[in-house]
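Comments concern the structure below.
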Amino acid sequence: MILADKITALRKKEGMTQEDLANKVGVSRQSVSKWEASMSMPDLDKIIKLSNIFAVSTDFLLNDDLGMEEIIVDQKNEDIAKTIDLDLLNDYFDTYEKIAKYTPAGVGLAIISPIAYMALEKVNENLGMFTFFAIIAFAVGLFVNSGFMASKYEFIEKESYNFSYGVEGVIEKNLNDYEPTLKRNVIISIIIFFLAPALYVLSEGFNISEDISTYVFLVLIALGAILMGYSFIRYSSYKDILKYRDPKIQKKEGSLGKASAILWVLTIGIYLGYSFITGNWHNSWVIFVISSFIQIAIAIFFDK
């Protein structure tokens, strides 16, 4: 069986179109078409890529005496590739459902933590300070716990893996079903972000104390952040497990994740530090808007 026929048979066996295979190998669809029509021969580096994609040995691809009934599996690929079945997938979804709750909750607590200090400082400043740091410590605990839970599935960002029959369809269904919820929640969050400063400004005309206005403002910003964070983490848990099978994307997204984590840790730190020192809680929230634009810029940079 010649190489051209093997590429065609293996591609169809994996349920891929010529376009799908071309994207994985990093060539044009026309190149794949020529390979399958015996009009051209893949270079050695492309042979190796085909071997990895189809999980067969290069010997099998290049030896015309071997047919599909005599596939020689690349033992290295077989050993390192983890298979995600429905049980593992359900555990993954359950884990990221918890992470989607804990991480945004930590962000929300960090945002409203000044309320405890502002409310108690007039009664007992030390108690206010203690409560403030206790809330921050609890928020950090939620972040750390989320990190430990996510570490169970670090292989998704670093190692090769495959899906059992039907698993990919389940993931795609969850992804498609959740997209309307994501859009709705993002719209609600944006409305809350615009509503919070608007209410703060309007409260000045109703003789409402500045402290009460600030409390309401911080609570609304926290609710918007929690809703948006929860929605994006849920959506990403579906999307990432599909796209991370590509090693190039694993490397790119790994760098993006680290840059994003550093950005938001600094954002929360600067927000709390600046606001605590100046007492300007109702204006310092702008740093989250600035960081959002920086996040978009980072995403565009790594998408090259």
Side-chain angles (χ1 to χ4, degrees), residues 99 101-148 186 188-230 232-233 256-299 301:
I99 292 172
K101 293 176 180 177
Y102 295 162
T103 302
V107 173
L109 286 172
I111 292 173
I112 66 171
S113 59
I115 295 177
Y117 176 76
M118 296 168 67
L120 295 172
E121 67 171 334
K122 296 175 182 177
V123 178
N124 186 319
E125 186 174 0
N126 289 333
L127 178 60
M129 186 73 72
F130 173 80
T131 306
F132 169 78
F133 282 111
I135 294 173
I136 293 297
F138 187 74
V140 171
L142 290 175
F143 296 147
V144 172
N145 187 43
S146 295
F148 279 128
V186 168
I188 293 173
S189 298
I190 291 173
I191 292 173
I192 292 173
F193 289 145
F194 278 102
L195 184 64
L199 289 177
Y200 183 87
V201 173
L202 289 173
S203 67
E204 296 178 356
F206 292 91
N207 296 320
I208 299 174
S209 72
E210 185 175 356
D211 283 352
I212 297 297
S213 299
T214 303
Y215 299 162
V216 173
F217 172 83
L218 291 176
V219 168
L220 286 175
I221 293 296
L223 289 174
I226 289 171
L227 180 60
M228 184 171 285
Y230 172 82
F232 273 113
I233 292 174
L256 172 60
K258 290 177 183 177
S260 299
I262 293 171
L263 169 66
W264 289 105
V265 168
L266 288 174
T267 297
I268 293 174
I270 293 172
Y271 162 74
L272 292 174
Y274 171 80
S275 302
F276 193 81
I277 292 171
T278 64
N280 192 14
W281 300 100
H282 55 281
N283 287 327
S284 56
W285 68 277
V286 174
I287 188 174
F288 289 100
V289 177
I290 296 172
S291 293
S292 296
F293 282 106
I294 295 175
Q295 176 68 69
I296 293 171
I298 291 173
F301 175 81

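Predicted model only: the values in this text are computed from it and were never measured. Along the sequence shown, residues are numbered consecutively beginning with 1.
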Worksheet item: So among Leu142, Val144, Ile233, which one has a side chain to side chain contact (heavy atoms under 4.5 Å, CB included) with Tyr102?
Response: Leu142
Fill in: Ile221, Leu223, Val216 screened by side chain to side chain contact (heavy atoms under 4.5 Å, CB included) with Val219, the one that passes
Leu223
Worksheet item: Got a second to check how far Ile188's CD1 is from Leu195's CG, nearest 0.5 Å?
Response: 12.5 Å
Worksheet item: Just how far is it from atom OH of Tyr117 to atom CG of Leu127, taken to the nearest 0.5 Å?
Response: 11.5 Å
Worksheet entry | Which atom of Ser113 lies closest to which atom of Ile136, heavy atoms considered | OG-CD1, 3.4 Å
Discussion item. Within this structure, what is the OG-CG distance for the pair Ser213 and Leu218, rounded to the nearest 0.5 Å?
Written reply: 11.0 Å
Response to the item:
d(Leu227 CG, Phe232 CZ) to nearest 0.5 Å is 10.0 Å
Fill in: Closest heavy-atom pair and its distance - Ala222, Ile112
CB-CG2, 3.4 Å
Practice prompt. Write down the atom of Ala116, the atom of Phe132, and the distance for their closest heavy-atom approach.
Written response: CB-N, 4.4 Å
Response to the item:
All heavy atoms of Leu120 vs all of Gly128, minimum pair found to be CB-CA, 3.6 Å
Worksheet item: Which atom names give the shortest non-hydrogen contact between Ala225 and Val107, and what distance separates them?
Response: CB-CG1, 4.2 Å
Worksheet item: Of all heavy-atom pairs between Ala139 and Leu109, which one has the smallest distance, and what is that distance?
Response: CB-CB, 4.0 Å
Worksheet item: How long is the span from the CD1 atom in Ile115 to the OG1 atom in Thr131, to the nearest 0.5 Å?
Response: 12.5 Å
